[in-house]
Amino acid sequence: MSSEQIAEALREAATELGADDIRFRLDRPKDARHGDLASNVALTLSSRLRRPPRDIAEEIKTRLESVAGVDRVEVAGPGFLNVFLEGAAAGEVLRRIRVLGGRYGRNDAGAERRVMVEFVSANPTGPLHLGHGRQAALGDAIATLLEWSGWQVHREFYFNDAGGQIARLAQSVRARYRQQLGHDEAIPDGGYHGDYVSEIARALIDEAGNRYENDSSEAALEAMRGHAVRLLRREQEVDLAAFGVHFDEYYPESRLYSDGCVARTVRDLDGTGLTYRKDGADWLRTSEFGDQKDRVMVKRDGSPTYFLPDVAYHVTKWERDFTEVINVQGSDHHSTVDRVRAGLQALGLPAGYPEYLLHQMVTVEKGGEEVKFSKRAGSYTTLAELVAEVGADVARYFFLMRRPEAHLTFDLDLALDQSDKNPVYKVKYAHARVCRLFELARKRGWAEVPPDADIALLDAPMERELINQLREFPAFLRRAATGRAPHVICDYLEKTAGLVNSWYQAGHPTRSPEQAALVDDEALRNARLTLADAARIVLRNGLQVLGIEAPERMVRDE
RNA sequence: GCGCCCGUAGCUCAGCUGGAUAGAGCAUCGGCCUUCUAAGCCGAGGGUCCCAGGUUCGAGUCCUGGCGGGCGUACCA
């Protein structure tokens, strides 16, 4: 019995009553007394059909009761339909989960269409910080959620390897370089002060000696720029790999210039008649498309603003045939959203392209105090330092467990805790505990659990609740994907892990051995192990979506 | 000033297209170990859902106006 079958019956009933294309909820009620599944369909139909919701509910009830597997239906409260399933029908989902295994939870909503998720996109001016970490976790999880929803996903990292910030980095490297060769030299205003700049300078001495000691030419600065960008890009990739995040493509801003894309974009924008010259600069009428004000494309000194390559870059996304694009960015960039979209609309791209997911920033707390434990970066905490401290899985989970648009306080005390208080460990332990059951079953020489165990034997309320929870995984996954909201999966996994732990504990050998999974009664044992196996699959699939390992046994760090 | 985001238990936060008695974790308090690993489980207390109006059968959720916090508001990126 899947909820889809019930949903279909509800839709048919609505059609008979004269309402097509309806929206309603069909989910697991919070209170088990409200059945295995509950729907508000009669309430939503009420205003449309101009009839009291309870009358509508009564009619639908009669229809639902004839559906195979439905034990009984109750009309409750203002007109809710509470569906109680027969034991075997309720547990049927366990069989399906075991058949689908690692595919349980997937859907084909994306129909194999292409989508690009652009995320991290850190400039190579320093090591990745915690905001990048949150973004890496978010972007990767959203990408995976979309893959599970049937999309072909392209993960892309855009980086700015030219322009003012990079020039300041190169100047900072030159200052450190000359310092290390004994000169009195100051970091320029707006330059970079972190220790890593000195490391880059040292590496340059190792590589090129004092070749640039008294060379103030553009070519020398260009060499330092290239050197610094190379090292920092490599470091970022190493950090991302340690975090378990991999990209399909790294797209450098410089390519937009070298292949003429920026120049072409300028021509195309000029061709729209929406550009004009004012105060010696070239402007675009972005205010025609909802931007707060018009924007400068080319500065008085003849150089482009960031706006121009940004528009050009998004044009390449469109031309590369990505009509669906999600940009994951920090909310400190939200001012660019309207102007980039406006620039693209001027060129005839659809309004609302691309989609943006803006996330809030991250702070770390230990003992209730904010900490900034960076040694290398100077003013901020790096992702690498955090991962070294708590591990990639914990960091990922903590970055994902809050809504993107909410500020994230990273509780380092909780992150370092290895008990079930730590939500990551709670979920991992639940998975490992269940795996342990199968290990013991094998040791005792019990055969593999057959696919057709008598699931109706799972009649304890706790078991029914767990079954209903496992049934909901695909719905949560769908909701997390469409809402770009991985935290929905975190909430789901914590709830599921809690139920698994309770169920496991209920079979405690000294308290109620008759409730244990590993009982001598073969039929009962197989029924319970069927539930355990389904739970194991759901926990593992959920963790996999988040990019977190599902261990078969836990090894404690001392 | 203007724009976006946030305001829910002591703390950190969930709460999907408006639905039943507003939930979870942490913290606090009280129980439970000769174990399918207690790295755990069971239970309890704890709420002006920031405030004030409005919309309706029904508002934490939608609308309007305030208050408080964050981030933006460049010929920086």
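In what follows, every chain begins at residue 1, and chains take the letters A, B, ... in the order their sequences are listed. Because only heavy atoms are used, hydrogens play no part in the values below, and waters and symmetry mates are left out as well, while side chains stay in.
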Strictly distance-based, threshold 3.5 Å: is any side-chain N or O of [X] a donor or acceptor partner for the main-chain N or O of [Y]?
X	Y	answer
A:S149	A:A109	no
A:R168	A:G191	no
A:R396	A:L546	yes
A:R402	A:F399	no
A:S46	A:R51	yes

Practice item. Check whether the aromatic ring of A:H487 stacks on the base of B:A14, taking stacking as ring centres less than 5.5 Å apart and planes within 30° of each other. Key: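 Here A:H487 fails the 5.5 Å or the 30° condition.
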
Looking at every strand, decide which applies to [X] at a 4.0 Å heavy-atom threshold: base, sugar-phosphate, or nothing.
X	value
A:E494	nothing
A:F24	base
A:A38	base
A:L43	base
A:D27	base
A:A76	base

**Study point:** Cation-pi check, A:R134 onto A:F410 ring (under 6.0 Å, within 45° of axis)
**Key:** no

Practice item. Mark yes or no: A:R233 above the aromatic ring of A:F159, with NZ or CZ under 6.0 Å from the six-membered ring centre and no more than 45 degrees from the axis. Key: yes

In whole Å, I'd like the distance from the [atom1] atom of [X] to the [atom2] atom of [N].
X	N	atom1	atom2	result
A:M401	B:A14	CE	C1'	11 Å
A:D420	B:A24	CG	C1'	14 Å
A:Y397	B:A14	OH	C1'	11 Å
A:Q505	B:G31	CD	P	18 Å
A:Y429	B:G25	OH	P	17 Å
A:L414	B:A24	CG	C1'	13 Å
A:L416	B:C26	CG	P	16 Å
A:K428	B:G40	NZ	C1'	18 Å

**Study point:** Between A:E365 and A:T409, a side-chain donor and acceptor under 3.5 Å
**Key:** no

Check your understanding: What string of B, S and - do you get for nucleotides 70-77 of chain B, 5' to 3', when a contact is any protein heavy atom under 4.0 Å?
Key -> -BS--BSB

Can you tell me the Watson-Crick or wobble partner of [N], both distances under 3.5 angstrom?
N	result
B:G40	B:C32
B:U55	none
B:U12	B:A24
B:U48	none
B:C71	B:G3
B:G18	none

**Study point:** Glycosidic class, syn or anti, of B:C33 using a 90° window around 0
**Key:**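 Here the answer is syn: the torsion falls within 90° of 0.
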
Would you measure the distance from the [atom1] atom in [N] across to the matching atom in [M] and give it in whole Å?
N	M	atom1	result
B:A52	B:C67	C1'	11 Å
B:U12	B:G31	C1'	27 Å
B:U61	B:C6	P	13 Å
B:G7	B:C49	C1'	10 Å
B:A39	B:C26	P	15 Å
B:C62	B:G18	C1'	7 Å
B:A20	B:C11	P	26 Å
B:A14	B:C41	C1'	23 Å

Review point. Around atom CD of A:E405, are there more than 12 heavy atoms of other residues, nucleotides or ligands at under 6.0 Å?
Key: yes

What nucleotide, of [options], holds the atom closest to the side chain of [X]?
X	options	answer
A:N82	B:A39, B:G15, B:A20	B:A20
A:T409	B:U21, B:A39, B:C13	B:C13
A:R402	B:A39, B:C13, B:A20	B:C13

Point to revise | Quiz item: A:Y425 side-chain donor-acceptor pair to B:A39 base, under 3.5 Å | key: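 When only heavy-atom distances are counted, A:Y425 does not reach the base of B:A39 through any donor-acceptor pair under 3.5 Å.
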
**Study point:** Heavy-atom donor-acceptor pair, A:R479 side-chain to B:U17 base, under 3.5 Å
**Key:**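 It does not, because no donor-acceptor pair links the side chain of A:R479 to the base of B:U17 below 3.5 Å.
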
**Study point:** Residue whose closest nucleotide on RNA chain B lies nearer the 5' end, A:L81 versus A:R436
**Key:**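 Looking at the nearest nucleotide for each, A:L81 comes out on the 5' side.
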
Review point. Quick one: which of A:Q329, A:E118, A:H333 gives a side-chain contact (heavy atoms from CB on, under 4.5 Å) with A:Y356?
Key: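 Exactly one option meets the side-chain contact (heavy atoms from CB on, under 4.5 Å) with A:Y356, and it is A:Q329.
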
Exercise for review: Evaluate salt bridge (charged side-chain N to carboxylate O under 4.0 Å, His left out) for A:E156 paired with A:K317, printing each intermediate quantity in order.
Suggested key: CA-CA 10 Å; A:E156 183 151 306; A:K317 291 184 179 177; 5.7 Å; no

Check your understanding: Between A:K421 and B:G40, is there a side-chain N or O to OP1/OP2 distance below 4.0 Å?
Key ->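 Answer no for this pair, as no side-chain N or O of A:K421 is under 4.0 Å from OP1 or OP2.
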
Check your understanding: Given B:G40, is OP1 or OP2 found less than 4.0 Å from the side-chain N or O atoms of A:R433?
Key ->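 For B:G40, neither OP1 nor OP2 has a side-chain N or O of A:R433 closer than 4.0 Å.
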
